[in-house]
Each structure stands twice: as C-alpha cells, then as structure tokens.
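None of the values given here were measured: they were computed from a predicted structure. Index from 1, following the sequence.
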Amino acid sequence: MRLYIAVAARSFQRILTYRAAAVSGTLTNIVFGCIRAYVFVALYRSGAAAQVGGYDLRDALTFTWLTQGLISVMAIWGWWEIADTIRSGAVLTDLSRPYDYFTFWFARDLGRASCQMLLRGVPMIVFGAVLFGARLPDSAGQWAMFAVSLALGIAISFALRFIVNLGAFWLLDIRGVGGIWNLLVTLMSGFELPLVYFPPWLRAIADALPFHAMIQTPADLFLGKYSGAALWGVVGQQALWVVGLVAAAQMLTRAATRKVVVQGG
C-alpha cells in the first residue's frame, strides 16, 4: 500500500505544479457556469413552474456550480493517458513492473482527482454560492455522506475511463469510441441537465447505466434529496457499481495483456 500511496501523492504534486492551468481552467468553467446558471434562472422565472422534477431554482443553481466543479474532478472528457501508453508501446514497461496495473493507475487518478477538487472543485462551488446562492448541506452527516458518494463516483468514473482506454489494445484508433463516451457521459451522468428533468422513459435508461452515479447521485446527496433508507440505498448502489466495474476492468486487463505485441517488436 505504501507504493500506491506514494503514487497518489506524486500525482497530486504533479497536478499542483500546473497552478496557472488550474486558474485558467477555473475561469473558463466560471464563464460557462454563468451561462448555464442564467438559463436556469430564465426557466424558473418565466413562471412556467416553481419546481421541475423536485428541483427549485436554488437547487438548480447549486447543481450547476457543483457539476461545473466536478468536470475536472471526474475527468469526464478527454482522459486518454492509458490509451496513449498503449499506442506508444510504453505500456510494456508498466506491465513489467511489480505492481497491479489497475491499482497503479487508480492511485494516480485519486491523486489527480484530489488535487483538482482542491484547485478547481471547491473554488467553483464557493464562487457559485457567493454569486448565485447555494443550498449547502446542513449537517456534518450530510457532508460526510456527500464525501463518501463523491469518492465512490470518482472510483466509478475511473473504472469506466480505464475500460474505455483499454479499447486501444484492440483498436487502431479509439477516437470513435471516445466520441460515444463523451456523448454518453455528458447526457447520462446528469452533467448537461439534472436527470430529474428527463421524461420517465429516458430517466429509466439513465438509472440503469452507471454514469448517473458519477455526478447526479453525489449532487442529490449534496442537495439533501435522500434520507434514511433511501440515502443508504443510493450509496449502496454506487458501491455495487464500483465492485462490478472494477471486476470488469480486471478481467479485461487480463484478456488484453495475455499477449501484447507493439509495433516493431
């Protein structure tokens, strides 16, 4: 475990080095966050409805800034580090080292996500709360459950990204798969719109997929939409997704690395 803790710490430090990039990324997210927020303001103040899917305007604005802060934490777009090592052949060096391949990359991602939460996630939530107002958790227990749900969401996000990246073992170019991934994660995670806005048939599809456990579930816990048995139920569902996706990732890793041939060798 000391190895993986050290890997996570080094990954945290590596991301922390690029503070200027974090500032510029945060400013960009703020601009798009304001656009998204004012769309919700226009929707609710048009008089069409005081609530949509159980979300009032304050819920929608809180959701907007929370999800803007989670963009970099969850790395929902454009994370192809493993695929790049497969294409370059550097994966052979990784596979020859005395550690578990999946756990090594997971430790790296935990370090990255932790630093991104510090540099971009928290400032984004604070900015939204100051400028637009936010519905913050009102108890230590709610904060704790949100933290647990967020950690499980990061694990689910990584396992899914890991599986998609492994496609590079069989495909010459995974940009097509990456495009499908971007579409699914943007729509079905709840990032683009809260899933409570979806019609029942589309919400049922989203609930059957793991993407909602990355963003919608942590956001709902942050907003206090669950309590009692229902709260433990959604967190338990996230935990089940983690177990299933990690098992699938490990099986695919064994299948992909049973025989590895790189260009020229």
Side-chain angles (χ1 to χ4, degrees), residues 25-46 48-49 51-80 113 116-117 120-121 123-125 127-129 131-135 146 149-150 152-154 156-161 163-164 175-223 225-226 234 237-238 241 245:
T26 298
L27 292 175
T28 301
N29 286 348
I30 285 174
V31 171
F32 284 99
C34 288
I35 294 171
R36 293 180 65 201
Y38 280 116
V39 169
F40 283 120
V41 170
L43 168 67
Y44 281 91
R45 291 185 178 172
S46 68
Q51 287 194 351
V52 180
Y55 274 41
D56 59 18
L57 177 57
R58 193 177 178 193
D59 289 333
L61 292 174
T62 303
F63 182 91
T64 296
W65 291 104
L66 180 60
T67 54
Q68 285 295 120
L70 292 180
I71 291 175
S72 57
V73 176
M74 296 295 176
I76 58 177
W77 304 311
W79 189 87
W80 307 113
Q116 293 288 11
M117 189 67 193
R120 299 175 66 172
M124 194 70 59
I125 296 169
F127 179 88
L131 191 63
F132 289 88
R135 178 166 280 117
F146 166 69
S149 180
L150 180 62
L152 291 171
I154 291 170
I156 291 167
S157 170
F158 172 73
L160 287 169
R161 286 181 280 118
I163 290 170
V164 173
R175 283 179 293 182
V177 176
I180 295 172
W181 159 261
N182 288 338
L183 176 64
L184 285 174
V185 74
T186 301
L187 181 64
M188 294 300 184
S189 68
F191 170 77
E192 191 73 26
L193 282 174
L195 297 182
V196 294
Y197 289 9
F198 284 15
W201 65 270
L202 186 56
R203 177 66 191 273
I205 294 174
D207 286 344
L209 298 172
F211 305 104
H212 69 92
M214 295 167 48
I215 291 183
Q216 184 70 54
T217 300
D220 280 341
L221 290 180
F222 188 90
L223 291 169
K225 297 300 181 181
Y226 295 101
V234 295
Q237 185 184 54
Q238 281 185 294
W241 275 119
L245 289 170

**OP:** Can you see which heavy atom on C34 is nearest to which on F132, and at what distance?
**Re:** SG-CE1, 4.3 Å

Original post:
Would you say the side chain of R203 lies within less than 4.5 Å of the side chain of H212, judging by non-hydrogen atoms?
Top reply: no

Original post:
In chain order, what residues pass the ring-ring contact (aromatic ring centres under 6.0 Å, His included) check against W80, with sequence neighbours excluded?
Top reply: none

**OP:** Grab the two heavy atoms, one from L209 and one from M188, that are nearest each other, plus how far apart they are.
**Re:** CD1-CG, 4.2 Å

Original post:
Any sub-3.5 Å donor-acceptor pair from S157's side-chain atoms to G153's backbone N or O?
Top reply: no

Original post:
Say you draw a straight line from CD1 of I71 to CE of M124; how long is it, rounded to the nearest 0.5 Å?
Top reply: 7.0 Å

Pair up each side-chain donor or acceptor in residues 193-202 with any protein partner under 3.5 Å, not counting sequence neighbours, and list the distances.
residue, atom, partner, partner atom, Å
Y197, OH, Y44, OH, 2.7

**OP:** Please identify each residue that fulfils side chain to side chain donor-acceptor pair (under 3.5 Å) with N182, with sequence neighbours left out.
**Re:** none

Subject >> Residue pair A213 / I156: nearest heavy atoms and the distance that separates them >> reply: CB-CD1, 3.5 Å

Original post:
Hey, mind stepping through L221 and V234 against side chain to side chain contact (heavy atoms under 4.5 Å, CB included) and telling me if it holds?
Top reply: CA-CA 9 Å; L221 290 180; V234 295; 4.1 Å; yes

Subject >> Nearest-0.5 Å distance that lies between atom CZ in F158 and atom CD1 in I163 >> reply: 10.0 Å

Original post:
So, does R135 use its side chain to make a donor-acceptor pair with the main chain of F63 at under 3.5 Å?
Top reply: no

Subject >> Side-chain touch D220/Y55, heavy atoms, less than 4.5 angstrom >> reply: yes

**OP:** Might you work through the side chain to side chain contact (heavy atoms under 4.5 Å, CB included) test for T67 and R36, ending with a clear yes or no?
**Re:** CA-CA 11 Å; T67 54; R36 293 180 65 201; 3.1 Å; yes

**OP:** To the nearest 0.5 Å, tell me how far R175 CZ sits from I180 CD1.
**Re:** 14.0 Å

Original post:
Which pair of non-hydrogen atoms, one from R161 and one from A75, has the smallest distance, and what is that distance?
Top reply: CD-O, 3.2 Å

Original post:
Between T64 (side chain) and A37 (backbone), is there a donor-acceptor pair under 3.5 Å?
Top reply: no

Subject >> Straight-line distance of F211 CZ to W181 CH2, nearest 0.5 Å >> reply: 5.5 Å

Original post:
Where do S72 and G69 come nearest, in terms of heavy atoms and distance?
Top reply: OG-O, 4.1 Å

**OP:** Not counting sequence neighbours, which residues clear ring-ring contact (aromatic ring centres under 6.0 Å, His included) with F32? List them please.
**Re:** none

**OP:** Show your working on side chain to side chain contact (heavy atoms under 4.5 Å, CB included) between F191 and L70 and close with a plain yes or no.
**Re:** CA-CA 9 Å; F191 170 77; L70 292 180; over 6 Å; no

Subject >> Any pair counted as side chain to side chain donor-acceptor pair (under 3.5 Å), so long as it reaches residues 185-196, sequence neighbours left out >> reply: W77-T186

Subject >> side chain to side chain contact (heavy atoms under 4.5 Å, CB included) evaluation trace for V41 with L61 >> reply: CA-CA 8 Å; V41 170; L61 292 174; 4.0 Å; yes

**OP:** Measure the spacing between CZ of F222 and CG of L66 and express it to the nearest 0.5 Å.
**Re:** 5.5 Å

**OP:** Using the test ring-ring contact (aromatic ring centres under 6.0 Å, His included), find all partners of F127 that sit at least two apart in sequence or belong to another chain.
**Re:** W65

Subject >> Under 3.5 Å: donor-acceptor pair, side chain of Q68, backbone of N29 >> reply: yes

Subject >> M117 side chain near I154 side chain, heavy-atom distance below 4.5 Å >> reply: no

Subject >> Closest approach of L245 to A159 (non-hydrogen atoms, all atoms of both residues) >> reply: CB-CB, 3.7 Å

**OP:** Working to the nearest 0.5 Å, report the span between CG of L160 and CG of L184.
**Re:** 10.0 Å

